[in-house]
Amino acid sequence: MMTNAPIGLPGLAVMALGLFAWSIALAYARLQHGSEPRVNATRSRQSMLGIAVQGAAFAVTVIGPIAVTLDPLSPLALLEAGIAALFTMASIALFHWSRRTLGTNWSLVARTRDDHDLIVTGPFAHARHPIYSAIFLLLVAFAVADGHLTHLVVAVPLYVTGTWLRITEEERLLHTLFGPAYDAYAARVNRFVPGLF
């Protein structure tokens with residue numbers, strides 16, 4: 001059974017601000033992407049399914065009773081808020097860095113374009129899929145902020161499944177487009193965490 005840890009209002013405030021900041025970051029990325037000309041883009045339904053499964057992971061993390069019982073200025077409430085804020089800021093910073101490095105290659109749904117480049121600089125020099133690492137940090141931040149850490153038992157496998165659906169399609173598209181150059185890149189750079197996996 002999933003239990004709920006007691007939290008304070010600072011954690012909820014961090015979660016609300018984090019959601020707002022991520023919404024702004026995504027809107028900004030979409031706005032920039034929308035102003036660029038599209039060049040023979042193809043999109044993936046498997047990637048859209050992966051997005052839905054990742055979304056279900058977030059739903060599991062945030063849905064359920066929230067026990068706001070801690071004094072807002074108690075050390076535990078402030079610690080929870082601090083951890084959630086740290087994970088949220090790291091998440092947004094990694095997303096922003098990744099998005100800027102990708103430039104016109106960035107898309108919410110997996111696709112390739114005639115003018116697609118193989119990006120191996122910035123965060124992509126250290127991990128092939130840093131944006132999914134960034135989103136995972138946000139998932140953990142939300143679980144800490146709303147006291148639903150035990151919900152991660154279900155949310156993490158869902159998130160991994162959704163991410164796997166997305167990356168297998170993205171890697172297939174990149175292999176098709178770049179062949180040996182992508183294979184060499186994939187052989188030297190891990191998917192999510194440098195030196196681990």
Side-chain angles (χ1 to χ4, degrees), residues 1-5 15 18-19 21-23 25-26 29-30 33 41-66 83-84 86-88 90-99 101-102 105-112 116 118-119 123-124 126-178 182-183 185-197:
M1 180 177 152
M2 294 187 284
T3 59
N4 305 316
M15 189 168 84
L19 183 58
W22 253 94
S23 298
L26 281 175
R30 295 285 294 172
H33 181 69
T42 58
R43 294 179 178 269
S44 164
R45 288 190 178 148
Q46 179 175 325
S47 180
M48 293 188 318
L49 175 61
I51 291 169
V53 175
Q54 287 174 323
F58 274 87
V60 166
T61 302
V62 299
I63 292 175
I66 296 175
I83 291 169
L86 181 66
F87 274 64
T88 300
S91 172
I92 292 167
L94 183 55
F95 171 76
H96 182 68
W97 184 25
S98 301
R99 164 58 184 103
T101 303
L102 283 173
N105 290 330
W106 180 81
S107 178
L108 191 60
V109 177
R111 55 93 176 118
T112 57
H116 205 94
L118 179 60
I119 306 297
F124 298 92
H126 309 287
R128 297 195 319 258
H129 303 285
I131 290 176
Y132 299 127
S133 298
I135 297 169
F136 182 77
L137 290 173
L138 187 67
L139 183 75
V140 174
F142 279 11
V144 170
D146 66 11
H148 291 167
L149 280 172
T150 59
H151 294 212
L152 290 175
V153 171
V154 174
V156 169
L158 275 173
Y159 183 78
V160 167
T161 300
T163 300
W164 189 254
L165 286 168
R166 296 181 75 181
I167 67 165
T168 54
E169 182 65 0
E170 289 172 12
E171 290 178 357
R172 182 191 66 78
L173 291 170
L174 290 168
H175 172 75
T176 299
L177 195 59
F178 298 108
Y182 181 74
D183 293 341
Y185 168 64
R188 76 174 184 273
V189 178
N190 288 0
R191 283 186 169 114
F192 305 108
V193 180
L196 292 178
F197 62 94

* Decide side-chain contact (heavy atoms from CB on, under 4.5 Å) for Val109 and Arg45; before the verdict, give the C-alpha distance in whole Å, the side-chain angles of both, and the deciding distance to 0.1 Å. => CA-CA 8 Å; Val109 177; Arg45 288 190 178 148; over 6 Å; no

To the closest 0.5 Å, what do you measure between [atom1] ([X]) and [atom2] ([Y])?
| X | Y | atom1 | atom2 | answer |
| --- | --- | --- | --- | --- |
| Leu137 | Phe142 | CG | CZ | 12.0 Å |
| Leu177 | Arg172 | CG | CZ | 11.0 Å |
| Ile51 | Leu165 | CD1 | CG | 10.5 Å |
| Leu26 | Arg99 | CG | CZ | 10.5 Å |
| Ile66 | Met15 | CD1 | CE | 5.0 Å |
| Phe136 | Leu94 | CZ | CG | 13.0 Å |

* Asked: So, do Tyr159 and Leu152 sit near enough that their side-chain heavy atoms are less than 4.5 Å apart?
  -> no

* To do: Using a 4.5 Å cut-off on heavy atoms from C-beta on, say whether the side chain of Leu158 contacts that of Phe58.
  => no

* Please identify each residue that fulfils side chain to side chain donor-acceptor pair (under 3.5 Å) with Thr61, with sequence neighbours left out. => none

* Asked: For Thr88, which residues count as a side chain to side chain donor-acceptor pair (under 3.5 Å) partner, sequence neighbours excluded?
  -> none

Ignoring hydrogens, what is the shortest heavy-atom contact between [X] and [Y]? Give both atom names and the distance.
| X | Y | value |
| --- | --- | --- |
| Ala155 | Ala57 | O-CB, 3.3 Å |
| Val62 | His148 | O-CE1, 3.6 Å |
| Phe95 | Ala134 | N-CB, 3.9 Å |
| Gln54 | Tyr132 | NE2-CD2, 3.7 Å |
| Gly18 | Ile92 | O-CD1, 4.4 Å |
| Leu118 | Phe178 | N-CZ, 3.3 Å |

Partner residues of [X] under the side chain to side chain contact (heavy atoms under 4.5 Å, CB included) criterion, sequence neighbours left out:
| X | answer |
| --- | --- |
| Thr101 | Trp97, Ile119, Thr121, Pro123, Phe124 |
| Val189 | Arg128, Tyr185 |
| Ile83 | Leu79, Phe87, Val144 |
| Thr168 | Gln46, Trp164 |

* Under the salt bridge (charged side-chain N to carboxylate O under 4.0 Å, His left out) criterion, do Glu171 and Arg191 qualify, and how do the steps go? -> CA-CA 10 Å; Glu171 290 178 357; Arg191 283 186 169 114; 2.7 Å; yes

* Side-chain (Asn190) to main-chain (Phe192) donor-acceptor, under 3.5 angstrom -> no

* Asked: Testing Val156, Ile63, Asn4 for side-chain contact (heavy atoms from CB on, under 4.5 Å) with His151, which one passes?
  -> Asn4

* Apply side-chain hydrogen bond (donor to acceptor under 3.5 Å, both in side chains) to Ser47 and Glu170, showing your working. => CA-CA 8 Å; Ser47 180; Glu170 289 172 12; 4.8 Å; no

